[in-house]
*Asks:* 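I'd like to ask you about the structure that follows.
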Amino acid sequence: MQTHKAKRVDIIIEAVMEKRLTNALHKAEVTGYTVLPVLAGSGRSGQWTREGEIGRAGGMVNVSCIVRPERVDPLLDAAFAVVERHIGVVSVVDCEVLRAERF
Amino acid sequence: MQTHKAKRVDIIIEAVMEKRLTNALHKAEVTGYTVLPVLAGSGRSGQWTREGEIGRAGGMVNVSCIVRPERVDPLLDAAFAVVERHIGVVSVVDCEVLRAERF
Amino acid sequence: MQTHKAKRVDIIIEAVMEKRLTNALHKAEVTGYTVLPVLAGSGRSGQWTREGEIGRAGGMVNVSCIVRPERVDPLLDAAFAVVERHIGVVSVVDCEVLRAERF
Amino acid sequence: MDGTLAIAANNLTSPIILFFILGVAAAFARSDLSIPEAIAKGLSIYLLFAIGFKGGVSVADHGIDTTLVLSLLAGMVLSFLLPVLAFALLRGMTRLSTIDAAAVAGHYGSISIVTFVAATSVATSAGLNPEGYMVAVAAVMEAPAILSALWIVARFGKQSADMEEGLIREILLNGSIVLLVGAFVIGWITGDEGMQMIAPFIQAPFQGVLCLFLLDMGLIAGRGLREARSVLTPGLFAFGVIMPVLGAGFGLGTGMLLGLSPGGVLLFMTLAASASYIAVPAAMRVALPEANPSIYLTLSLGITFPFNLTLGIPIYLAVANALAGG
Amino acid sequence: MDGTLAIAANNLTSPIILFFILGVAAAFARSDLSIPEAIAKGLSIYLLFAIGFKGGVSVADHGIDTTLVLSLLAGMVLSFLLPVLAFALLRGMTRLSTIDAAAVAGHYGSISIVTFVAATSVATSAGLNPEGYMVAVAAVMEAPAILSALWIVARFGKQSADMEEGLIREILLNGSIVLLVGAFVIGWITGDEGMQMIAPFIQAPFQGVLCLFLLDMGLIAGRGLREARSVLTPGLFAFGVIMPVLGAGFGLGTGMLLGLSPGGVLLFMTLAASASYIAVPAAMRVALPEANPSIYLTLSLGITFPFNLTLGIPIYLAVANALAGG
Amino acid sequence: MDGTLAIAANNLTSPIILFFILGVAAAFARSDLSIPEAIAKGLSIYLLFAIGFKGGVSVADHGIDTTLVLSLLAGMVLSFLLPVLAFALLRGMTRLSTIDAAAVAGHYGSISIVTFVAATSVATSAGLNPEGYMVAVAAVMEAPAILSALWIVARFGKQSADMEEGLIREILLNGSIVLLVGAFVIGWITGDEGMQMIAPFIQAPFQGVLCLFLLDMGLIAGRGLREARSVLTPGLFAFGVIMPVLGAGFGLGTGMLLGLSPGGVLLFMTLAASASYIAVPAAMRVALPEANPSIYLTLSLGITFPFNLTLGIPIYLAVANALAGG
Ligand SMILES: Nc1ncnc2c1ncn2[C@@H]1O[C@H](COP(=O)(O)O)[C@@H](O)[C@H]1O
Ligand SMILES: Nc1ncnc2c1ncn2[C@@H]1O[C@H](COP(=O)(O)O)[C@@H](O)[C@H]1O
Ligand SMILES: Nc1ncnc2c1ncn2[C@@H]1O[C@H](COP(=O)(O)O)[C@@H](O)[C@H]1O
Ligand code: NA
Ligand code: NA
Ligand code: NA
């Protein structure tokens, strides 16, 4: 099956920042992404878990974007501007996709 | 630690199609997969979010399959037959796995 | 944007083992990870789904760790000691990260 | 018709409607107010459980009416036929493609269970006592419209619908139908004795739960409307208001032919007037993936549902009372 | 014994049982009816909260019986010993491996809290008034059986169980036990005054919530049975019915030796007869990962639970009434 | 002051407090007891829905007091000013950085709705009948403190707060405020008639739901305390107890100036004494990401909340009764 080179960028970010991140992505013309829920995590700012949470202050989400390789840099710039002062992780993986016309 | 080459295929698909996809995978003898929930997303068909949803009409899921490299093509064929007319994204990443006898 | 080579290790493991795994990771000085919920799955031990579950006996979670390449081996050793007798899957992907000082 | 106005005004200021409006307003103001998905599903399970059970107990109390079977059949026929009417209307009033028009049409043959519940509330406060088996009529009306819509596509469309065997089973055994019918049958079997056991759970808190549920519906409808403004042409908007009234007319005729009580007629009108927003959208995603979901969801949830809730039901009540009453 | 039949028949047509059956039927028919995981957990938290609290209030009302401590001890001993009986039976009746047999045995020494709740309902409708501290007995019987099962593996198996220090703490402090015991103690402390505050929450709606919970249990049990048909040999099936009856016998003896009221005896029988489906499976996944979960879950949830619910409890009630009653 | 002790003792053994303590104890013992996130959110939606509605109905009953508008204004002013006091105190008593101190200060100007609910319960059991619009005062006090905190940072800090336009809208339209105010307005519009419809849902089960909710709060507070012991210096601890008492003093003055009833004064004291743990933390994560969340969450949820719940409210009640009563 015919596949095409692409990049998958995963951004783990606080749930309160999700809207700001996706707005920034839209502005950078990255209109395709998927948000996965996150249950718990650990990092330099300690451990946390979603159990019993009431507010939105604590949780995080994982925003995944698949883009054509040449679109990675604008994406990372946009994402970085949002996460810069915040906790969270940004990673990039090489991948291949079906139906390249969609990206 | 000894690892083995494999491929990880991620298929983002409407929740209503999940059963059809996993049936197709089983038919193609792909019996190992993991379904991750999806919270929200955006693509050519617009934005959506799972909050407050009542039915199953709107949500999506992410089906991940790790397979030996030579099994990727039958997997993609099976997946493509299901997603063809539907919205959603299929991506493939190179990976390495422990315990290769399991795949 | 400046990125740095890293590895992303995904461990799909029973929810009852999550605490044991993350403890083992901490012991191996892997203090950054993210736990994603898993909705359903299929493997050599059959199919399962989270719907309607009451206890913790059945579900699984996905623990993702991003580490510098040289830290992969201790991570895999630690993870393997926990998953050895258990069902589940360990996979490793090459990735690039922003803000390398965080890993 | 003075009474109607009073009822309509009264209806508009009932907490149920006001919480729906609160939801719509919050969504339009982009508030982050939201009901977690699991809670929304839990509320909907509660409502199905409660109304199914109550319907069954009422049948146990009043005995089976001879018209029960006829009502079920009539409901099924209506559900098959209304989509044809809706399709014709849509082709006349809008520029929707065949696929989109057929998908929308399917929604209007099927039913909305919350609209049914709201009408039951109104009926009860108006002193009416609808036939308990109307719950079963609601259940049988869910699915036939879907087959109708697919038949329309096969007949008038270029593309064929994806009618695999699994789909029909899936539609007939969808969770809402199974729970509604199951609770109905259990209510019927256990009757008043069963009701006594669980009444404090399904009766006293019912209206309060319904308020919360309508708050959630308002949030979803509002968000849908906000995002789908672009698809909502005047023609579509008009369809979303005219079709329920026409449907209610057919429901009226059917209910009167069957000789139902005014309450039963009101419910038949409401079922015919209401449009599905759970079962049919899910089936359409599977069978007609090319149809645009924002069209059918916006129409069903954003236009027809609020119309029925606020203006429709009081009108249907007035008509049912005038023609089928006393 | 005429009364027993009447009670059994009555029990079989109670909404509680019928909703369980609805769940099983829906699962067999592959309906997509399901209760969201969070709601199912919420229902189970409600049940533990309510029965713990009620038990405590009842102890506050009736004072501490001198037999309270003895009952707790007896419960613990039973929980330790029943797995040995179960293991012996399994080795005789089935071809399970040592590991699988030990894992199953652990489930039967422990208890199912829903079965306990159902028996309490039946006791109350039969006019019995079981000792309130039976809730505490239920709590102490949860864990010992797990140690028993691990001891059996160490003694008879080739492989050793994974008995790390964390496990015992985890078992003793598992959420259900903490909530049950905590609510019991709070009920005891606050007594009738506390009960008055929260009675409308934990008493009136209780039976209705239980119906929904059993619907969910039916869905899970049905799905389990459908998928695990292959593991269910006649020998296993027989064990799943005989073991609870034997367990009930031991419960009967213990309850009578302790001089409990007929209601208390019924509950002791039910605890001994029931098999865990939450705490023990979780512990087994950690400590005996090689044991096949579909065997122990299918037996516990698919065979023994429905057996106790439908036939077991009425039988135990008849026996408790005949031997311990007036 | 004998009565105060009795009330305090009574308060300490109310189920509500005991379930909170159970939660804290379970968290410290590292039990895996937990309330699913969706259920916790559902409980909190229920509480906001119920108290908003009740407040509105009470305003409908008693008519608008001339002091309503003044109370709203006074609440807003308090919410703006208290952070300044808190900030000064923190700079004096602790070594927190400007950013951390400002973030903490913001929490203490805002309010905790559960503390408000608990105080309402205590007021009602003490035979007081607080002004219904205090719910609206609670709502207006949520947000101003956030702006205050950001102003403090801009004024005294080196770094600037991230005050983008979206933030204020987000704070003002956050879900809790919208639901609380919305339910209040609906209660006001529908009055007693509306109350009759949904009373069995929002009144009878209220205390029970509150117990479950406080169990969850205890679990979260306990987990937070366990993990954040290191940040909790004696100075911070002292602040967490002194600040609510000072706040209550300001609330007392305001309430008496406004001429509120003793119940209203108690609630004003409680609002001023309580610290936010939902709206403000979320806003701080966005606007002051450099502030350490474990400091403000531990103080607010781990120290001040339990202090108010157990000792604070009975003290405020005694004072309100003594000064504003009879
Ligand atoms: N190395 C890592 N691998 C995966 N997830 C991480 C890693 N480091 C941090 N995270 C996630 O990002 C969140 C914030 O991390 P931090 O900024 O390090 O406190 C954590 O709670 C994790 O969910
Ligand atoms: N480029 C992308 N990266 C990640 N997820 C995507 C992407 N495009 C689409 N998706 C996901 O697939 C869903 C349907 O996409 P679409 O078919 O483009 O409307 C979206 O709602 C997203 O969840
Ligand atoms: N090849 C695979 N790809 C993705 N997930 C898998 C795969 N095999 C197993 N899993 C996951 O791991 C769980 C246990 O697998 P197993 O040990 O094969 O029964 C399954 O339920 C899946 O969630
Ligand atoms: Na209809
Ligand atoms: Na047992
Ligand atoms: Na305050």
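So you know, we letter chains A, B, ... as the sequences are listed, proteins then strands, and number each from 1.
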*Asks:* Do the side chains of E:Val209 and D:Ile198 get nearer than 4.5 Å, heavy atoms only?
*Replies:* no
*Asks:* Take E:Leu215 and D:Leu179, measure what side-chain contact (heavy atoms from CB on, under 4.5 Å) needs, and give me the verdict at the end.
*Replies:* CA-CA 9 Å; E:Leu215 172 63; D:Leu179 180 51; 3.8 Å; yes
*Asks:* Please report the shortest heavy-atom distance between D:Ala38 and E:Ala38, naming the atom on each side.
*Replies:* CB-CB, 3.9 Å
*Asks:* Is any side-chain heavy atom of D:Ile45 less than 4.5 Å from a side-chain heavy atom of E:Pro36?
*Replies:* yes
*Asks:* Does any backbone or side-chain atom of E:Ile16 lie under 4.5 Å from a heavy atom of chain D? Answer side chain, backbone, both or neither.
*Replies:* side chain
*Asks:* Less than 4.5 Å to any heavy atom of chain D: does that hold for the side chain of E:Leu18, its backbone, both, or neither?
*Replies:* both
*Asks:* So how far is it from D:Leu173 CG to E:Asp32 CG, rounded to the nearest 0.5 Å?
*Replies:* 8.5 Å
*Asks:* Within this structure, what is the CD-OG distance for the pair D:Glu193 and E:Ser14, rounded to the nearest 0.5 Å?
*Replies:* 9.5 Å
*Asks:* Given that the side chain runs from C-beta out, which part of D:Leu172 has a heavy atom under 4.5 Å from chain E: side chain, backbone, both or neither?
*Replies:* neither
*Asks:* Minimum heavy-atom separation for D:Gly194 and E:Pro15, please, with both atom names.
*Replies:* CA-CG, 3.8 Å
*Asks:* Where does D:Ala199 contact chain E at under 4.5 Å (heavy atoms): side chain, backbone, both or neither?
*Replies:* neither
*Asks:* Output, in order, the C-alpha distance, side-chain angles, deciding distance and verdict of side-chain contact (heavy atoms from CB on, under 4.5 Å) for E:Leu22 and D:Val178.
*Replies:* CA-CA 9 Å; E:Leu22 174 61; D:Val178 168; 4.3 Å; yes
*Asks:* Between CD of D:Glu170 and OG of E:Ser31, what distance do you get to the nearest 0.5 Å?
*Replies:* 10.0 Å
*Asks:* Kindly state whether the ring of D:Phe49 and the ring of E:Phe19 have centres lying under 6.0 angstrom apart.
*Replies:* yes
*Asks:* Please classify the contact of D:Ile202 with chain E as side chain, backbone, both or neither, using a heavy-atom distance under 4.5 Å.
*Replies:* neither
*Asks:* Checking heavy atoms, do the side chain of D:Phe53, its backbone, both or neither come under 4.5 Å from chain E?
*Replies:* side chain
